[in-house]
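Start at 1 and go down the list; that is how both ligands and their atoms are numbered.
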Amino acid sequence: MASNSNMANVNGRENGEPVVKRPRDNVPPDSPLRSSKEPVNKVTVVLGAQWGDEGKGKVVDLLAMDADIVCRCQGGNNAGHTVVVDSVEYDFHLLPSGVLNKKAISFIGNGVVIHLPGLFTEAQSNLKKGKGLQGWEERLKISDRAHIVFNFHQAVDGIQEQQRQQQEGKNLGTTKKGIGPAYSSKAARNGLRICDLVSDFNVFQDKFRILAEHFQTMYPNLNVDIDGELKQLKEYAERLRPLVTDGVYFMHKALTGPSKKILVEGANAALLDIDFGTYPFVTSSNCTVGGVCTGLGVPPSHVGRVYGVVKAYTTRVGVGAFPTEQDNETGALLQSRGREVGVTTGRKRRCGWLDLILVRYAHMVNGFSAIALTKLDILDTLPEIKVGVAYQVDGEPLPSFPANMDVLTRVTVEYKTFPGWCRSTEAARSFTELPSQAQNYIRFIEDFLQVPVKWVGVGKSRESMIKLY
Ligand code: GDP
Ligand code: IMO
Ligand code: MG
């Protein structure tokens with residue numbers, strides 16, 4: 001018989017390894033680590049599958065109605081998520097869209113970069129719009145490990161964009177919310193975190209001055225009101241303290257305690273991901289599924305369903321290659337019918353046909369369980385609808401989505417053309433109520449991606465999201 005001396009036993013130990021006695025006496029009495037029968041709660045994730053603005057906010061709002069915890073795990077207030085409830089249009093940038101559910105806790109995880117004036121202004125402006133935000137501070141928790149975006153990070157974002165324009169003739173088209181500079185500080189290990197702000201303010205202000213001066217040395221034109229910003233931050237620190245929590249322990253308790261529905265709201269999108277997106281025309285965080293684990297402290301085994309939000313056509317804000325872009329009447333029609341204007345910056349979004357090569361690539365990275373297909377109604381008036389199904393470069397087919405932006409700018413797209421349905425889908429509330437041409441369009445997407453479409457959006461409201469199964 002073959003020796004099995006190198007095989008791991010059921011506990012994952014190699015034969016012969018000593019049993020490690022855990023010092024369970026050091027575990028606090030209320031810790032879920034003490035329980036031998038730990039319920040395993042799975043996290044449901046909603047992610048953008050294109051270049052953002054797919055309608056993630058709306059999908060999250062829908063799922064958040066029976067969630068216990070709704071989390072943001074990455075990005076900052078570069079995101080702009082719109083939710084329409086009772087004809088009131090709320091827009092969220094840092095707050096999870098689930099904050100509208102008064103029974104749920106909203107959680108901003110360690111992977112998020114937080115501009116505090118932005119957070120409080122956002123809450124204030126939504127409070128004025130309707131009743132949805134009432135009591136928001138009582139149901140918000142913020143990870144002590146989240147990094148802070150300072151006003152000078154935002155100013156530096158603007159200066160860097162100017163420099164790119166001057167030196168390279170083009171910028172990235174960032175939202176100028178300080179996202180790149182704040183994540184740079186985090187990676188350079190001189191960033192400041194929420195735990196620094198709510199601890200000893202004297203220590204915090206010394207570190208803040210050093211960081212501000214560091215940027216002033218790099219950018220001599222940078223104007224920083226150090227004392228003014230510190231005064232404001234001190235006030236925010238008081239208001240923030242009750243909301244701050246040990247994010248890892250918070251998530252751990254939620255995951256291993258009594259059954260809880262946990263929802264994660266992705267910001268930005270797969271093609272804006274710092275690793276997998278159209279680099280360098282991307283944001284500075286991981287907007288794909290890995291960002292959920294690193295941005296919240298969630299072990300991968302707890303990630304359950306991953307829903308990809310796909311707009312029935314494609315849009316992009318800012319600069320960068322866009323193979324299916326329609327810089328013509330079709331693009332203009334999608335832009336105006338779809339009201340494609342950035343929630344964060346007010347910029348017009350570039351528009352084009354649905355690109356399934358790109359969505360399939362997003363699926364490779366994220367492993368979508370199902371898709372929420374939004375804004376189908378925007379295609380209602382088109383006599384003909386195209387979908388990008390293959391890329392070629394120099395006459396050769398490309399097997400997947402290219403890393404190199406020069407290649408992406410040169411691809412020619414092969415399209416499949418569908419007859420339009422030329423009637424309104426807005427009142428449809430079931431799959432069978434959709435015109436047969438629209439049904440075929442949806443079935444084609446499912447077949448191409450080999451992922452089921454679970455919801456189809458035919459309007460802005462909660463009710464106009466058709467559930468297919
Ligand atoms: P997010 O960033 O992914 O949350 O998306 P945004 O909120 O930036 O942009 C999506 C826009 O489309 C918002 O104005 C939504 O209200 C709107 N929207 C979402 N789903 C639908 C839909 O199915 N039909 C229509 N007409 N509008 C939708
Ligand atoms: P939501 O969550 C659309 C784009 C910017 C720019 C690039 C880098 O609403 O889908 P940044 O300010 O992040 O450094 O900008 O990324 N971008 C988005 N575009 N929707 C978003 O978020 C975006 N977040 C960042 O336009 O091109
Ligand atoms: Mg948006």
Side chain Thr425, main chain Leu434, donor-acceptor under 3.5 Å: no
Ligand 1: protein residues within heavy-atom distance under 4.0 Å: Asp53, Glu54, Gly55, Lys56, Gly57, Lys58, Gly80, His81, Thr82, Val343, Arg349, Thr374, Lys375, Asp377, Ile378, Gly457, Val458, Gly459, Lys460
Test side chain to side chain contact (heavy atoms under 4.5 Å, CB included) applied to Val458 and Arg429, step by step: CA-CA 9 Å; Val458 290; Arg429 290 295 175 264; 3.8 Å; yes
Ring centers of Phe152, Phe208 separated by less than 6.0 Å: yes
Table please: side-chain donor-acceptor pairs of residues 216-226 below 3.5 Å, with sequence neighbours left out.
residue: Thr217; atom: OG1; partner: Glu213; partner atom: O; Å: 2.7
residue: Tyr219; atom: OH; partner: Gln160; partner atom: NE2; Å: 2.9
residue: Asp225; atom: OD1; partner: Gly228; partner atom: N; Å: 2.9

Sphere of radius 2.8 Å around the Mg ion (ligand 3) - protein N, O or S atoms inside: Asp53 OD1, Gly80 O
Spacing of Asp380 atom CG and Arg337 atom CZ [to the nearest 0.5 Å]: 5.5 Å
Check: His147 ring centroid to Tyr183 ring centroid under 6.0 Å: no
Ring-face cation contact, Tyr307 with Lys454, 6.0 Å cut, 45° max: no
NZ/NE/NH1/NH2 to OD/OE distance under 4.0 Å, Lys56 and Glu54: yes
Gap between atom CZ of Phe401 and atom CG of Leu358 - 0.5 Å precision: 4.5 Å
Over 12 foreign heavy atoms within 6.0 Å of CZ, Arg305: no
Check: Phe92 ring centroid to His81 ring centroid under 6.0 Å: no
side-chain hydrogen bond (donor to acceptor under 3.5 Å, both in side chains), paired with Gln74, selected from Asn268, Asn286, Thr283: Asn268
Within 6.0 angstrom of Arg339 CZ, more than 12 heavy atoms from elsewhere: no
Residue contacts for ligand 2, heavy atom to ligand atom, distance under 4.0 Å: Trp51, Gly52, Asp53, Lys56, Asn78, Ala79, Gly80, His81, Leu172, Gly173, Thr174, Thr175, Ala267, Asn268, Leu272, Val282, Thr283, Val317, Gly318, Arg347
